[in-house]
Amino acid sequence: MGKHYIPNSAHKEEMLREIGFKSIEDLFSDIPKGVVQEFNLPEGKSEYEVFLEMNEILNKNKTVLEMPTFLGAGAYFHYVPAHVKHLIERSEFITSYTPYQAEISQGMLQALFEYQSLIGELVGLEIVNASMYDWGTALGEAARMAARVKRKNKFVVPRHIHPERKMVLETFVKGAGIEIEYVKWNEKGQMDLEELKEKAKDAAGVYVELPNFFGIIEEQIKEIGEIAHENDALFVVGVDPTILGIVEAPGNLGADIVVGEASFLGSALNFGGPRAGIFAIKNDKALIRQMPGRIIGMTKDAEGKRAFVMTLQTREQHIRRAKATSNICSNEALVAVAAAIHLASLGPKGLEKLGEIILKNTAYFKKRLSEVAEIPFDAVNFKDVPATFEIPYEVIHEKLLERGIHGGFYLKPYFPELGETALLAVTETTRREWVEALVKNVKEILDEAEL
Amino acid sequence: MGKHYIPNSAHKEEMLREIGFKSIEDLFSDIPKGVVQEFNLPEGKSEYEVFLEMNEILNKNKTVLEMPTFLGAGAYFHYVPAHVKHLIERSEFITSYTPYQAEISQGMLQALFEYQSLIGELVGLEIVNASMYDWGTALGEAARMAARVKRKNKFVVPRHIHPERKMVLETFVKGAGIEIEYVKWNEKGQMDLEELKEKAKDAAGVYVELPNFFGIIEEQIKEIGEIAHENDALFVVGVDPTILGIVEAPGNLGADIVVGEASFLGSALNFGGPRAGIFAIKNDKALIRQMPGRIIGMTKDAEGKRAFVMTLQTREQHIRRAKATSNICSNEALVAVAAAIHLASLGPKGLEKLGEIILKNTAYFKKRLSEVAEIPFDAVNFKDVPATFEIPYEVIHEKLLERGIHGGFYLKPYFPELGETALLAVTETTRREWVEALVKNVKEILDEAEL
Amino acid sequence: WDEPLIFELSKPGRVGFTLPEPIEDVEVQIPEKLRRKSLELPEVSEPEVVKHYTRLSEMNYGVDSGIYPLGSCTMKYNPKINEEFANHPKVAFIHPYQDQRTVQGALQIMWELEQWLKEITGMDRFTLQPAAGANGEFTGVMIMRAYHLDRGETQRDEIIVPDSAHGTNPASAAMAGFRVIEIPSNEQGMVDLEALENAVSERTAGIMLTNPNTLGIFEEDILEIAKIVHKAGGLLYYDGANLNGILGKVRPGDMGFDIVHINLHKTFSTPHGGGGPGAGPVGVKKHLVDYLPVPLVDFDGEKYYLNYDVPKSIGKVKEFYGNFTVLVRALTYLKIMGRDGLREAAEVAVLNANYLAQKLKGTRGYELPHKELRKHEVVFSAEPMRKETGVKALDVAKRLLDFGLHAPTIYFPLIVHEALMIEPTETVSKEELDAYVEALKKISEEAYTNPEIVKSAPHNTAVKRVDDVLATKKPIVTWRMYKELKKKGEVDY
Amino acid sequence: WDEPLIFELSKPGRVGFTLPEPIEDVEVQIPEKLRRKSLELPEVSEPEVVKHYTRLSEMNYGVDSGIYPLGSCTMKYNPKINEEFANHPKVAFIHPYQDQRTVQGALQIMWELEQWLKEITGMDRFTLQPAAGANGEFTGVMIMRAYHLDRGETQRDEIIVPDSAHGTNPASAAMAGFRVIEIPSNEQGMVDLEALENAVSERTAGIMLTNPNTLGIFEEDILEIAKIVHKAGGLLYYDGANLNGILGKVRPGDMGFDIVHINLHKTFSTPHGGGGPGAGPVGVKKHLVDYLPVPLVDFDGEKYYLNYDVPKSIGKVKEFYGNFTVLVRALTYLKIMGRDGLREAAEVAVLNANYLAQKLKGTRGYELPHKELRKHEVVFSAEPMRKETGVKALDVAKRLLDFGLHAPTIYFPLIVHEALMIEPTETVSKEELDAYVEALKKISEEAYTNPEIVKSAPHNTAVKRVDDVLATKKPIVTWRMYKELKKKGEVDY
């Protein structure tokens with residue numbers, strides 16, 4: 001029952017006596033009597049019993065290591081080098097809290113400063129915060145920030161935004177009275193600039209994703225940014241950082257704010273969480289004042305030595321309370337540090353190579369997929385590839401699963417006009433055998449269906 | 001190919017130039033030319049590929065978590081609390097070496113001093129070394145030490161000594177010209193004192209195990225020690241430390257030397273290794289000088305502060321070379337520290353409770369086993385229980401395995417007179433369902449055999 | 001020691017990575033105008049990366065380093081067994097969109113955790129989605145919003161918050177579009193009932209309360225408060241930051257709260273990770289279940305499944321299903337603790353806080369305002385010390401670092417001047433409490449005899465007192481800003 | 001800081017464990033005379049245990065802390081991926097006596113590792129059983145013994161060992177019952193061929209050699225040495241401690257060695273664990289395979305199995321099959337490195353050693369005796385410094401600690417006075433080498449200007465110079481000895 005975690009459990013009498021209390025109940029005498037009830041919960045168990053129990057539960061999961069899996073759609077199976085996990089599990093990092101006492105928290109502070117710096121290099125912007133909860137919430141905050149900065153209440157996003165992010169965004173802006181406008185995609189599966197021009201009028205911000213939800217590298221990023229700026233809107237780019245070894249930094253393509261998902265570096269799939277939202281902005285005083293989240297800054301100590309500290313805290317809720325830029329307090333520091341360690345290990349060559357591998361694997365995969373499905377858009381894909389099948393995708397999914405293969409993400413519920421289309425994804429972890437198995441089995445399933 | 005481990009791989013030219021060499025081959029010019037050959041080895045792989053490969057290999061193992069397993073016979077499935085593993089994996093511990101530089105190795109030195117101290121308390125002796133390789137090699141060294149101290153060349157052990165330890169012992173004494181004499185067991189499966197009295201004459205040492213190889217708690221430890229001492233032999237007791245919460249310290253039963261297996265605390269099964277040999281002796285100058293292995297001592301530093309250091313090194317091979325007490329240099333320090341952390345966590349109550357649980361589980365198991373087999377000896381067992389079956393044990397083993405249960409250790413190859421007897425074991429980790437499944441299935445197998 | 005920035009360790013040509021080769025060397029090009037031109041990341045080898053971050057870690061204080069009595073943060077010991085499951089391959093390698101038949105274990109963990117939380121808080125349903133306490137608060141107030149709008153009560157645009165509340169409470173309320181009405185505490189340090197009566201109206205959407213509150217004081221009038229707010233048509237929101245003080249003793253649901261959030265990283269011992277990931281599950285009473293975020297996790301007696309059928313749902317407050325690894329840790333903890341263990345934790349947490357309070361009380365310079373009986377934490381005021389010696393709460397905090405101890409939360413709650421907010425938790429020993437009191441007494445002595453040593457503290461740390469004013473005046477938040485300023489000669493550090 | 005002993009943290013009543021209940025509360029009694037009377041272990045809770053050993057770990061220097069150039073110990077970076085498999089459930093939870101069909105993975109790992117080691121060393125068969133280098137040496141000399149006895153050459157009772165050899169070589173030979181014949185090195189630091197010629201006879205069982213030797217010098221005459229020993233009927237034993245210097249470049253088997261041991265914890269990067277566990281596999285040429293310990297691991301094309309059919313086996317040198325987790329780590333490392341990586345490791349290890357040698361050479365007080373060209377390590381002599389300033393190798397070593405650097409091996413090999421034996425390995429950077437040379441130069445400067453600061457070093461460590469003479473004079477090796485002495489007032493620390 002956890003007494004092994006509670007050193008003074010054995011000394012209650014002694015301590016009560018020392019401070020003049022008679023019993024533990026005296027310490028709870030302020031609780032209104034009628035309210036106290038018995039708790040209907042199991043008694044505590046030994047660590048070994050819980051070990052067996054948790055193992056038994058977890059064994060009901062089948063992992064992507066146990067079945068070739070072609071799921072992406074916003075969560076990707078990347079390999080995390082062992083040293084990254086080892087380092088963030090160091091107890092000094094993982095068991096610490098927000099570095100309020102800078103003098104004994106230089107390790108976490110510097111690690112987060114390095115995270116900010118690495119992301120800054122990646123996205124080509126100078127101001128980066130120490131993380132948001134995830135890409136979706138970062139986007140929500142970006143929309144709110146755009147509205148605050150531009151004092152307008154329209155935020156324009158592509159219709160082919162990730163469904164998770166779409167839902168988060170909508171919840172985040174509700175209270176602020178911001179309206180989301182959606183822009184359709186063109187025949188290349190990219191944002192339709194004509195419609196954008198229309199909708200960007202009066203917009204506080206315009207948002208685009210790189211790659212977009214269809215896995216397509218939007219070619220007209222710069223043009224979209226120009227349209228945003230022509231309409232005095234902030235240009236917000238959402239980015240998968242693993243593409244940034246081969247694709248230009250959004251900051252160099254005109255982005256005012258970059259959001260994205262840091263956990264694609266340094267974190268496992270983890271059933272979708274924890275993640276960490278990237279949030280970076282241009283070095284512009286007006287923007288900085290409106291930026292949400294915690295920021296670590298470099299300064300010096302009393303002896304002039306370089307040191308790190310939380311900074312620009314006047315934007316935050318513990319000082320500005322109801323007027324804070326955001327309510328975010330706990331962030332995803334450790335996930336950010338993991339991303340930093342992974343990024344530092346990759347370096348420029350590693351990140352470029354990672355991008356190249358994924359690009360090539362995706363191209364190869366698309367070619368192979370085209371043997372059994374139609375690829376609706378002619379564009380360059382990264383990780384995700386939409387594929388349209390001749391028979392209901394649910395049938396294919398079901399039969400693949402029976403054969404120990406997990407297919408992709410079914411798009412029809414979100415985009416009915418795409419028909420029997422699923423989003424299938426690969427990364428650097430995808431093995432040739434897995435692709436072979438997929439194609440072979442889909443062929444068989446299609447053949448069977450024809451009979 | 002591992003360049004990520006080799007920082008200067010990229011700077012070879014630069015460094016060679018700085019020190020006036022032309023090429024790497026210059027550095028190897030002293031190797032006789034004809035000798036160099038091509039190595040027929042695979043090229044290096046990425047961490048991810050090796051991750052997949054090793055996982056694939058390891059998945060061919062079936063663990064004791066995946067099938068109820070009743071193997072003991074010198075290796076036991078104990079549960080190791082997670083914090084023990086966490087602490088010994090701290091890189092400052094695991095990546096350090098023998099603490100030659102005491103001033104920056106106080107952590108490991110103190111941890112090993114604590115190991116020695118905890119074992120000292122357990123076995124009731126004052127001098128403990130910082131570990132041998134395992135119980136078997138500790139026994140080998142004890143026999144050699146007894147011969148050195150007593151200047152005699154006979155060492156008496158029970159016939160029912162563990163077969164692994166027997167083989168190690170025999171190899172260890174071969175070069176020293178020591179003869180091993182074996183004493184039979186009596187009807188209670190314990191050492192026959194009459195034969196011992198005979199064989200103890202001229203012995204340098206007499207050895208007994210607690211519990212013995214049949215899992216039986218030898219009742220006459222004290223008497224055996226007295227016989228040893230009457231014959232001017234050292235009394236050596238081999239002990240499973242997990243019994244010492246309920247059984248008297250061997251030091252208090254007359255032991256001059258205690259050996260045993262420290263890895264039963266703090267270590268997983270690990271397919272039988274690493275382990276760590278306990279080696280403890282009475283506080284007697286003549287013995288200390290002859291004791292093998294490294295010892296950590298308490299002392300003070302230049303400012304009078306308590307400090308720890310390797311001590312009594314003049315017995316060791318880096319000073320005495322061919323005259324050293326033993327050739328042991330690397331030991332099993334980390335395994336010893338794991339045992340110390342586990343022991344400290346258990347404390348007196350935990351170790352007693354652990355002993356009680358195992359004792360009760362063994363008694364329960366014996367009772368249940370007796371439903372399907374004959375128990376050859378009437379005695380108190382701890383962990384291991386010998387059971388004699390009506391049909392060839394190999395048949396039972398085979399059929400159990402088909403049903404996902406792993407039986408015990410077949411004794412016939414070692415002790416043919418015991419017939420179709422196997423040694424089956426339980427510990428605190430054994431679940432009631434596992435025992436039920438075993439008994440039920442053995443019953444069925446026996447029933448089938450009768451048909 | 002001084003550890004350079006990872007960028008400063010870079011030497012061209014070094015690699016710290018390995019990657020598999022592409023399946024096939026397919027020809028494929030990024031459009032020219034989008035191609036990356038340059039990328040200035042550090043080039044370092046793996047041993048250097050490991051040494052660098054190992055050294056940084058050693059410049060950081062965690063729960064395993066010593067007492068960490070940060071008030072309102074519940075820095076309790078984080079059991080290592082929890083890490084074993086958080087890092088388990090069956091957790092790491094599952095994708096959130098996997099067919100639900102292949103992630104029954106994950107769903108079972110979420111479902112089981114919800115059952116525990118329901119019983120612990122007295123709520124009827126939970127979402128595990130929020131990533132942190134504040135994300136939970138936002139969820140909660142959005143549920144309030146949806147509830148009132150759904151009932152056509154569009155005028156309810158005010159949320160009441162006591163002046164002792166966490167800063168996130170008003171911030172969350174504002175984020176959801178509410179006006180924040182702050183009410184004062186009474187001299188006992190509790191909600192002033194009269195002020196509350198005056199504050200409620202037909203515009204009241206609800207009240208956000210922490211109980212025990214941020215002074216560590218249990219709001220004795222909680223049933224009365226609930227009555228007042230409910231009568232006015234408002235809802236009661238429970239900020240679970242301080243749940244550790246009443247765990248297993250009394251339930252928010254039984255006190256009248258309609259919505260609750262729990263900080264798993266506080267109460268249920270999941271590690272704080274230097275600021276996150278945490279988790280802030282939100283529980284509600286029956287009448288609010290329909291507004292919870294999607295998906296919920298349900299069990300049909302045979303299998304667990306994600307339920308998206310929540311017609312009035314506020315939508316999503318975070319991608320996917322929450323910080324799953326945090327949920328795994330919390331469930332592991334709960335199973336080991338059980339009912340008896342949870343109550344024991346609360347009892348000893350409260351005992352420890354009161355023990356510390358009583359031992360420190362009467363020490364010159366520190367004052368114990370408000371009611372004496374505390375729950376899991378106690379707030380002292382160093383106002384007398386400041387007045388008499390010029391030594392401020394900040395100085396006391398910094399001086400504690402010299403003793404190898406972590407400082408308490410300072411300057412919060414705002415209603416206590418020079419606040420020192422101390423929450424020892426149940427996982428520290430009597431000796432550690434005694435040592436902490438001793439250190440605070442020693443500092444008091446120093447303040448009155450040699451105040452300079454306190455004001456210039458810390459002295460024994462890796463860096464001396466850090467200049468946070470300079471950090472704000474001259475913000476340097478990335479390597480690229482630093483390089484630029486350095487080049488211009490504008491920084492000498 | 002000062003960390004008390006775990007015994008000193010004890011407070012009666014505390015528990016740090018959880019245990020399941022017995023299956024049934026069966027009545028069973030230990031015989032009265034054997035029942036435990038008392039047990040004085042500490043009583044501490046889990047958070048205290050974790051804090052205690054975390055703090056102790058922080059008082060320890062490891063490879064992840066910085067350069068660790070302990071000569072002959074090959075303290076290279078220990079990749080973290082290796083730990084992942086060493087701690088894998090499929091490794092932790094398998095019993096050594098499991099039916100071999102259920103441990104095919106484990107056997108495959110051993111089999112594969114053997115294939116790598118065979119090819120790397122040019123040997124025909126390996127045992128993975130020995131737990132450490134010295135255990136491997138013992139295995140090797142026991143094989144020599146069995147071989148000669150088997151051939152009826154009972155008179156072969158001498159083993160030749162150069163005076164530069166590791167102390168374990170003569171100790172191992174003696175353990176196996178051999179007389180040790182020590183032969184001197186020549187002025188180049190290599191085996192003196194004439195002395196060798198004179199030493200061999202019909203009593204020669206073999207010679208034990210390290211190549212590169214402990215000076216880091218490659219024994220150029222190795223083929224000649226082999227010829228002399230083989231001609232005399234002796235065997236050549238290769239001490240693999242220094243294999244890292246020739247990895248992938250040349251094989252002991254091709255140089256004429258009959259028996260080889262490898263320190264996996266040195267050459268193949270498994271962690272040293274504060275002194276162990278290591279692993280010392282032993283390889284032999286065809287004519288010695290029959291003497292290897294049992295069991296061997298074989299593969300019949302379909303399954304792996306333990307082969308106990310080794311008729312002339314020396315038996316066992318350790319329980320079960322060796323330090324299995326160490327074997328897992330080594331195989332992981334080998335797969336990642338591959339042929340190209342192993343050679344690269346040796347090349348850079350040798351480059352680093354020579355770089356350091358050349359950079360330090362000429363510094364006042366340090367002398368580089370013997371041949372200049374080194375392999376993986378270099379031995380300097382501080383004899384000039386001692387003579388001129390009184391500063392000894394020990395002082396230099398202690399002063400290095402003040403720079404946050406680990407000292408080299410000192411006073412070994414015995415043939416170099418005031419030896420400083422430096423082995424940087426391939427996993428340190430040029431900057432680290434430069435910093436090490438700088439520190440040694442600085443110390444030289446200090447020795448000649450302010451020798452006291454060196455003689456009284458270290459100054460910046462957790463404890464000051466430790467009194468090892470006192471430790472020997474007044475041995476205190478357990479808590480019970482300490483308590484006793486403390487009670488008697490015989491210790492003040």
Side-chain angles (χ1 to χ4, degrees), chain B residues 1-2 7 19 30 41 43-44 50 58 60-63 71 87 90-92 94-98 102-104 106-108 117 120 133 136 164 167 171 175 268 271-274 297-302 306-307 311 317-318 321-322 324 327 330-334 345 347-348 350 357 360 363, chain D residues 16-17 22 26 28 39 41 43 53 56-57 59-64 90 92-93 95-96 102 104-105 131-132 134 167 170-172 174 176-177 180 218 271-278 315-316 319-320 323-324 335 337-341 358 429 461 463-466 470-471 476 478-479 493:
Chain B
M1 59 89 101
I19 57 171
D30 44 11
L41 292 167
E43 296 295 297
V50 174
L58 285 169
K60 297 179 188 169
N61 292 342
K62 199 161 175 192
T63 70
L71 282 168
L87 288 167
R90 295 263 314 162
S91 66
E92 295 91 333
I94 195 172
T95 75
S96 70
Y97 202 19
T98 305
E103 294 82 1
I104 54 171
Q106 285 296 301
M108 182 49 79
S117 298
Y133 305 134
E164 296 278 332
M167 289 185 78
T171 306
F271 205 43
M298 187 194 283
T299 180
K300 49 187 177 182
D301 76 355
R306 185 200 282 175
T311 190
Q317 66 308 116
H318 59 280
R321 297 175 74 89
N327 74 336
S330 276
N331 56 12
E332 305 285 327
L334 202 68
S345 305
I357 297 168
K360 284 179 197 294
Chain D
F17 69 93
V26 188
V28 51
L39 181 56
L41 298 179
E43 298 178 55
Y53 290 103
L56 285 186
S57 79
M59 294 163 75
N60 218 53
Y61 189 101
V63 166
D64 290 357
K90 292 281 192 180
F93 297 105
H95 189 286
T102 66
Q104 284 294 300
S172 300
V180 176
F218 190 84
H272 287 65
K316 291 192 76 108
E319 295 173 7
F320 305 114
N323 284 345
F324 184 65
K335 283 176 185 277
M337 298 298 277
R339 182 172 61 114
D340 42 354
Q358 294 301 319
S429 68
T461 45
V463 296
K464 302 291 173 274
R465 195 175 296 193
V466 172
L470 174 66
I476 309 175
T478 50
W479 169 248
Y493 40 99

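A note on names: the letters A, B, ... follow the listed sequences, proteins ahead of strands, and every chain is numbered from 1.
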Q: Please examine the side chains of Val466(D) and Gln106(B), heavy atoms only from C-beta on, and report whether any two atoms are closer than 4.5 Å.
A: yes
Ranked by heavy-atom pairs below 4.5 Å to chain D, first place among Ala307(B), Ala322(B), Gly347(B) goes to Ala322(B)
Residues Gly2(B) and Met337(D): closest non-hydrogen pair is CA-SD, 3.6 Å
When you measure from the side chain of Thr171(B) to the backbone N and O of Lys316(D), does any donor-acceptor pair fall under 3.5 Å?
yes
Counting heavy-atom pairs under 4.5 Å with chain D, the top scorer among Pro348(B), Ala324(B), Ala102(B) is Pro348(B)
Comparing Met298(B), Met167(B), His318(B) against chain D, the one with the most heavy-atom pairs below 4.5 Å turns out to be Met298(B)
Could you check whether any side-chain N or O of Glu319(D) sits under 3.5 Å from a backbone N or O of Gly272(B), counting only pairs where one atom can act as donor and the other as acceptor? no
Between Ser57(D) and Glu92(B) the two heavy atoms that sit nearest each other are O-CB, 3.0 Å
Ranking Thr63(B), Thr95(B), Val50(B) by heavy-atom pairs under 4.5 Å to chain D gives rank one to Thr95(B)
Pair count under 4.5 Å, heavy atoms only, with chain D: among Lys60(B), Arg90(B), Met1(B), Met108(B), highest is Met1(B)
When the 4.5 angstrom heavy-atom criterion is applied to Leu58(B) and chain D, the contacting part is both
Closest heavy-atom pair, Arg306(B) versus Val463(D), reported as atoms and distance to 0.1 Å, is O-CG1, 4.1 Å
Of Gly62(D), Gly16(D), Pro96(D), the largest count of non-hydrogen pairs under 4.5 angstrom with chain B goes to Pro96(D)
If one checks every heavy atom of Ala176(D) against chain B at 4.5 Å, the contacting part turns out to be backbone
| query | Does the Thr311(B) side chain pair with the main chain of Ala471(D), one donor and one acceptor, at a distance under 3.5 Å? | reply | yes
Side-chain donor-acceptor pair present, Ser96(B), Asn60(D), cut-off under 3.5 Å:
yes
One should read off an interatomic distance between Tyr61(D) OH and Glu103(B) CD, to the nearest 0.5 angstrom, of 14.0 Å
Interatomic distance, CG@Leu41(D) vs OG@Ser117(B), rounded to 0.5 Å, equals 11.0 Å
Comparing Gly338(D), Pro277(D), Gly278(D) against chain B, the one with the most heavy-atom pairs below 4.5 Å turns out to be Pro277(D)
So, the side chain of Gln317(B) versus the backbone of Gly167(D): is there a donor-acceptor pair under 3.5 Å, distance only? no
Note: vs chain B, highest number of non-hydrogen pairs under 4.5 angstrom among Gly315(D), Ala132(D), Ser172(D), Ala174(D) is Ser172(D)
Here the gap from Glu332(B) atom CD to Asn323(D) atom CG, rounded to the nearest 0.5 Å, amounts to 4.5 Å
| said: Taking Thr102(D)'s backbone N and O only, do any of them form a donor-acceptor pair with Lys62(B)'s side chain (distance below 3.5 Å, no angle check)? | reply: no
Whatever's closer than 4.5 Å to a heavy atom in chain B on Val28(D) counts as both
Tightest non-hydrogen contact, residues Gly105(D) and Asn61(B), listed as N-OD1, 2.9 Å
For Ala268(B) and Ala92(D) the tightest heavy-atom approach is CB-O, 3.5 Å
If you tally heavy-atom pairs under 4.5 Å between each of Leu334(B), Asp30(B), Asn331(B) and chain D, the highest tally belongs to Asp30(B)
CD1 (Ile476(D)) and OG1 (Thr299(B)) are apart, to the nearest 0.5 Å, by 7.5 Å
Distance col, row Leu87(B):CG vs Tyr53(D):OH, nearest 0.5 angstrom, shows 9.0 Å
Under a 3.5 Å distance rule, please check whether Asp301(B) uses its side chain to pair with a backbone N or O of Lys464(D) as donor and acceptor. yes
